[in-house]
There are 2 protein chains.
Amino acid sequence: MSSEVTIPPVSKRQATRSRILEAASEIVQESGANGLSLDAVAAKAGVSKGGLLYHFPSKSKLLTAAVESFVLDYEAQLMSCEATHGESEHPLSHAFLDLFLQDCRCNRKPPSGILAALAEDPSFLDPVRQHERLILQRLKDDLGDADLASLIYFTIAGLKSSHLLDLNVVPDEDARRVAERLRGLIVAKG
Amino acid sequence: MSSEVTIPPVSKRQATRSRILEAASEIVQESGANGLSLDAVAAKAGVSKGGLLYHFPSKSKLLTAAVESFVLDYEAQLMSCEATHGESEHPLSHAFLDLFLQDCRCNRKPPSGILAALAEDPSFLDPVRQHERLILQRLKDDLGDADLASLIYFTIAGLKSSHLLDLNVVPDEDARRVAERLRGLIVAKG
DNA sequence: CCAACTGTACCGTCTGGACGGTAATGTCAA
DNA sequence: TTGACATTACCGTCCAGACGGTACAGTTGG
């Protein structure tokens with residue numbers, strides 16, 4: 001039979017690709033974007049350089065894929081969170097906060113591939129720019145209050161950037177308190 | 001006699017150094033941190049490579065200086081803004097917002113040297129980490145409301161990160177609206 | 001005089017990526 | 001059933017060029 005029950009429909013190809021992407025992200029976290037050489041990625045991912053280039057035929061392709069997978073993953077998770085708020089008011093805004101809190105709780109690593117892409121060429125971030133603009137617009141629509149949406153969006157953006165740049169300004173617990181306070185603003189709005 | 005070595009604040013030395021630092025920042029903005037080679041910086045700053053290495057004997061020193069000058073400049077400007085709020089309540093918090101708005105209005109370029117330092121080695125950002133933690137603590141002390149201080153700090157951090165990463169999520173005008181709304185929260189607190 | 005450069009030549013290392021293999025797993029016609 | 005070929009998923013080596021940095025002799029404004 002050709003149809004399996006395996007929930008993760010991950011082909012070997014996809015498995016290796018995500019292993020490589022994750023390895024790249026770890027290298028950037030540990031050594032900075034300049035430490036992201038193809039050799040380093042290959043070594044960390046446990047493939048040869050040739051194998052790496054088989055999956056990502058150039059460094060640009062690797063970075064493009066990293067950015068794309070970040071945007072796609074985020075969007076999928078946001079949709080998934082939104083689905084749990086089916087009938088309530090402002091489902092997207094709640095989902096937006098849920099997702100942040102979820103990332104906090106399970107100590108999600110920052111999307112360091114973004115930093116590597118930015119270091120290589122700022123235009124790699126175009127999909128992120130587009131996506132972020134859209135997110136803010138959707139939050140505004142969801143809340144019917146552009147100012148509140150902006151406040152929520154940028155506060156979370158601040159918390160995320162602190163994580164991305166590893167600034168460690170506050171412990172995770174404090175970040176969660178801030179996010180919960182934002183939720184209070186949504187609820188108060190009604 | 002005249003053993004004072006550090007008195008002249010605007011020596012030719014300092015002028016060239018800041019021209020170099022600014023050139024570096026521009027390169028990072030335009031081409032990403034990977035484009036920041038010593039040759040490129042020298043060319044952009046209008047000095048020879050030898051001249052560049054005369055001022056910054058290694059790339060590390062250049063990046064260290066970029067980070068340091070960012071922290072020092074910010075701190076000086078924040079103090080200057082705070083001085084204008086001498087007798088009012090929560091002078092630091094107002095100054096914090098003033099400074100952000102000021103940067104918005106005069107289209108201040110993002111501190112891209114920070115990105116280059118991060119790309120080279122994340123530990124270069126240690127002075128920034130320390131400084132940011134201190135700023136948040138001072139905001140908390142100034143407001144006597146840790147939650148509000150965190151909200152203000154991270155919202156501004158979000159706006160700044162959007163600028164730093166050149167995400168262009170909102171036009172400057174909207175950023176100003178958000179900041180002014182935060183000021184409303186300070187005033188309401190009394 | 002000397003700080004503040006310029007200019008040129010050079011060196012060792014690293015890096016992206018091209019390239020030529022290879023082994024395992026299909027696919028399919030006879 | 002089998003032999004022939006195709007595709008997938010890699011491996012390991014080599015190389016041209018870029019880069020950080022050194023060295024050093026010369027120049028110029030103050």
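Here the structure is a predicted model, which is why all the values come from computation and not from measurement. Order of the sequence lines sets the chain letters (A, B, ...), proteins ahead of strands, with each chain counted from 1.
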By ring pair (Phe, Tyr, Trp, His ring centres under 6.0 Å), H90(B) pairs with (sequence neighbours left out) none

Holding to ring pair (Phe, Tyr, Trp, His ring centres under 6.0 Å), I want the full list of residues that pass it with F70(A), two or more places apart in sequence or in another chain.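 So F70(A) forms no ring pair (Phe, Tyr, Trp, His ring centres under 6.0 Å) with any residue.
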
Side-chain donor-acceptor pairs of residues 33-40 of chain A under 3.5 Å, sequence neighbours excluded:
| residue | atom | partner | partner atom | Å |
| --- | --- | --- | --- | --- |
| N34(A) | ND2 | E120(B) | OE1 | 2.6 |
| S37(A) | OG | A40(A) | N | 3.1 |

Spacing of [X] atom [atom1] relative to [N] atom [atom2], expressed in whole Å:
X: L62(B); N: dC19(D); atom1: CG; atom2: P; result: 15 Å
X: I20(A); N: dA9(D); atom1: CD1; atom2: P; result: 11 Å
X: K61(B); N: dG20(D); atom1: NZ; atom2: P; result: 16 Å

Reading nucleotides 2-19 of chain C from 5' to 3' and marking B where a protein heavy atom lies under 4.0 Å of the base, S where only the sugar-phosphate is that close, and - otherwise, the string is -SBSB--------SBB--

Identify all side-chain donor-acceptor contacts of residues 76-88 of chain B below 3.5 Å with residues at least two apart in sequence or on another chain.
| residue | atom | partner | partner atom | Å |
| --- | --- | --- | --- | --- |
| Q77(B) | OE1 | R108(B) | NH1 | 3.3 |
| Q77(B) | OE1 | R108(B) | NH2 | 3.1 |
| Q77(B) | NE2 | D73(B) | O | 3.4 |
| T84(B) | OG1 | C81(B) | O | 2.7 |
| H85(B) | NE2 | D98(B) | OD2 | 2.4 |
| S88(B) | OG | H85(B) | O | 3.1 |

Throw together a table of side-chain donor-acceptor distances under 3.5 angstrom for residues 151-159 of chain B, partners on residues two or more places apart or in other chains.
| residue | atom | partner | partner atom | Å |
| --- | --- | --- | --- | --- |
| Y153(B) | OH | E132(B) | OE1 | 2.5 |
| T155(B) | OG1 | T155(A) | OG1 | 2.7 |
| T155(B) | OG1 | L151(B) | O | 2.6 |

